[in-house]
Amino acid sequence: MASDTEWQAWGEKDPYFGVLTDERYRRGKLSAESLQEFFRTGRSHIEEILAACRRHFGELSTRRSLDFGCGVGRLLIPLAEVSEVCVGVDIAGAMLQEAALNCVKYNRHNVRLARTLEEIDPGNGAGFSFIHSHMVLQHLDPQRGLGIISALLSRLDRGGVAALHMTYAHTRHRANQGVRPRASRVARCMSRPLTRIRRRITHRDPQMLMYPYDLNRVLFLAQDCGVRSGGLQFTDHAGHLGVILFLRRE
């Protein structure tokens, strides 16, 4: 799939910038200090997410945790620090190789890495008490992403909590309530193959495809999977409007 190919390319060319698009994290500019800052942002994010979950639901368990779209381990490693077992899933093998090195560097031996959810075998029918995904689903075609959301929530324990981030609109389409007009969507889809070829020829950065999600469909899936309570937090990344959904399965 196109997104898999692009993220494998990011993992091979510029994995840290691919995870967090700040020029400080370009392969040629990475220093010990910027690398420390990179992982410090991950620790801060996990602390904020867990605090938000507690505000919504009270105490929660991170005994068995899953980070979907773990990349090089920016969020996986701090999540593993508060978990007995932590699984990181990423479609890009090159990203997982870097994540494995970082887990060794940070002495996180309770981490398991996989390329797909299907590779995970929790054992004894066990699921996960906490599932997390941030700035990942937005890069996957929603039809595929909705299937992943359903698969994630089906692996959530009863009483378990998920924090899932996705985009739903863009400020440039304010006149259409944030939704890209149909004619523009068609033209964009038609131009993507040519854009990918041009990038390969000119050795430019791989694409970072962005997709908005229909939140009606997401909420339907959540309720269908047994979620009965939750909350949300709005996000805005350079005009890409999104939400972090906090969901508890009953």
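Please read these numbers as outputs of a predicted model, since none were measured by experiment.
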Exercise for the section: Specify whether Trp7 and His139 have parallel, tilted or perpendicular ring planes, treating 30° as the upper limit for parallel and 60° as the lower limit for perpendicular. Expected result: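 Because their plane-to-plane angle lies in the 30° to 60° range, the rings of Trp7 and His139 count as tilted.
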
Exercise for the section: Classify the ring geometry between Trp10 and Phe17 as parallel (under 30°), tilted (30 to 60°) or perpendicular (over 60°). Expected result: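 Tilted.
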
Contact between [X] and [Y] at the side-chain level, heavy atoms closer than 4.5 Å - yes or no?
{"X": "Gln138", "Y": "Met166", "answer": "no"}
{"X": "His132", "Y": "Ile46", "answer": "yes"}
{"X": "Asp67", "Y": "Val89", "answer": "no"}
{"X": "Lys13", "Y": "Pro206", "answer": "yes"}

Tell me whether [X] contacts the main-chain N or O of [Y] through its side chain, where contact means a donor paired with an acceptor under 3.5 Å.
{"X": "Gln233", "Y": "Val243", "result": "no"}
{"X": "Asn102", "Y": "Gly73", "result": "no"}
{"X": "Gln8", "Y": "Gly93", "result": "yes"}
{"X": "Asn110", "Y": "Ala80", "result": "yes"}
{"X": "Glu119", "Y": "Ala114", "result": "no"}
{"X": "Ser129", "Y": "Ser61", "result": "yes"}

Practice task
For Arg108, check salt bridge (Lys or Arg N to Asp or Glu O under 4.0 Å) against everything at least two apart and list the hits.
Solution key: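 Per chain and number, Arg108 pairs via salt bridge (Lys or Arg N to Asp or Glu O under 4.0 Å) with no residue.
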
State the [atom1]-[atom2] distance between [X] and [Y], to the nearest 0.5 angstrom.
{"X": "Ser133", "Y": "Leu152", "atom1": "OG", "atom2": "CG", "value": "7.0 Å"}
{"X": "Phe130", "Y": "Asp157", "atom1": "CZ", "atom2": "CG", "value": "13.0 Å"}
{"X": "Ile49", "Y": "His134", "atom1": "CD1", "atom2": "NE2", "value": "6.5 Å"}
{"X": "Leu245", "Y": "Ile149", "atom1": "CG", "atom2": "CD1", "value": "8.0 Å"}
{"X": "Arg27", "Y": "Glu12", "atom1": "CZ", "atom2": "CD", "value": "9.5 Å"}
{"X": "Cys70", "Y": "Asp90", "atom1": "SG", "atom2": "CG", "value": "5.0 Å"}

If hydrophobic clusters are built by linking Ile, Leu, Val, Met, Phe, Trp and Tyr wherever their side-chain heavy atoms come under 4.5 Å apart, do [X] and [Y] end up in the same one?
{"X": "Val218", "Y": "Leu137", "result": "yes"}
{"X": "Leu75", "Y": "Tyr16", "result": "no"}
{"X": "Leu96", "Y": "Leu20", "result": "no"}
{"X": "Val87", "Y": "Leu50", "result": "no"}

Among all residues two or more places apart in sequence or in another chain, which pass the side-chain hydrogen bond (donor to acceptor under 3.5 Å, both in side chains) test with [X]?
{"X": "Asp22", "result": "Arg24"}
{"X": "Thr21", "result": "none"}
{"X": "Thr167", "result": "none"}
{"X": "Gln97", "result": "none"}

Exercise for the section: For side-chain hydrogen bond (donor to acceptor under 3.5 Å, both in side chains), just list the numbers for Arg74 and Thr41, CA-CA rounded to whole Å, side-chain angles, deciding distance to a tenth of an Å, and then say yes or no. Expected result: CA-CA 8 Å; Arg74 183 178 78 101; Thr41 65; 2.8 Å; yes

Practice task
In sequence, state the C-alpha distance, the side-chain angles, and the governing distance for His165 and His237, and then conclude on ring-ring contact (aromatic ring centres under 6.0 Å, His included).
Solution key: CA-CA 12 Å; His165 173 256; His237 296 139; 5.6 Å; yes

Check [X] against [Y] and note the closest heavy-atom contact, atom names and distance.
{"X": "Arg249", "Y": "Ser154", "value": "NH1-O, 3.4 Å"}
{"X": "Leu221", "Y": "Leu146", "value": "CD1-O, 3.3 Å"}
{"X": "Leu247", "Y": "Leu156", "value": "O-CD2, 4.3 Å"}
{"X": "Pro212", "Y": "Pro142", "value": "O-CG, 3.4 Å"}

Do [X] and [Y] sit within salt-bridge range, that is, some charged N less than 4.0 Å from a carboxylate O?
{"X": "Arg26", "Y": "Asp14", "answer": "yes"}
{"X": "Glu59", "Y": "Arg54", "answer": "yes"}
{"X": "Glu23", "Y": "Lys29", "answer": "yes"}

Exercise for the section: May I have the step-by-step check of ring-ring contact (aromatic ring centres under 6.0 Å, His included) for Tyr213 and Tyr168, ending in yes or no? Expected result: CA-CA 5 Å; Tyr213 280 69; Tyr168 67 92; over 10 Å; no

Practice task
Could you tell me whether the side chains of Ser31 and Ser34 share a donor-acceptor contact shorter than 3.5 Å?
Solution key: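 Their side chains do contain a donor-acceptor pair, which is all the 3.5 Å distance test asks for.
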
Exercise for the section: Would you check, one step at a time, whether the test side-chain contact (heavy atoms from CB on, under 4.5 Å) holds for Glu81 with Arg43? Expected result: CA-CA 10 Å; Glu81 290 173 356; Arg43 183 165 286 103; 2.6 Å; yes

Problem - Derivation and outcome, side-chain contact (heavy atoms from CB on, under 4.5 Å), residues Leu117 and Leu66 - result: CA-CA 10 Å; Leu117 291 172; Leu66 167 67; 4.0 Å; yes

Handout entry: Option among Leu76, Val82, Ile77 that satisfies the side chain to side chain contact (heavy atoms under 4.5 Å, CB included) test with Leu79
Key =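 Only match with Leu79 under side chain to side chain contact (heavy atoms under 4.5 Å, CB included): Val82.
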
Exercise for the section: For Tyr106, check ring pair (Phe, Tyr, Trp, His ring centres under 6.0 Å) against everything at least two apart and list the hits. Expected result: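 So Tyr106 forms a ring pair (Phe, Tyr, Trp, His ring centres under 6.0 Å) with Phe39.
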
Practice task
Kindly check if the number of other-residue, nucleotide or ligand heavy atoms within 6.0 Å of CZ (Arg228) is above 12?
Solution key: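 Yes, enclosed.
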
Handout entry: Phe128 six-ring face occupied by Arg155 cation (under 6.0 Å, within 45°)
Key =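 Output no; distance or angle outside limits.
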
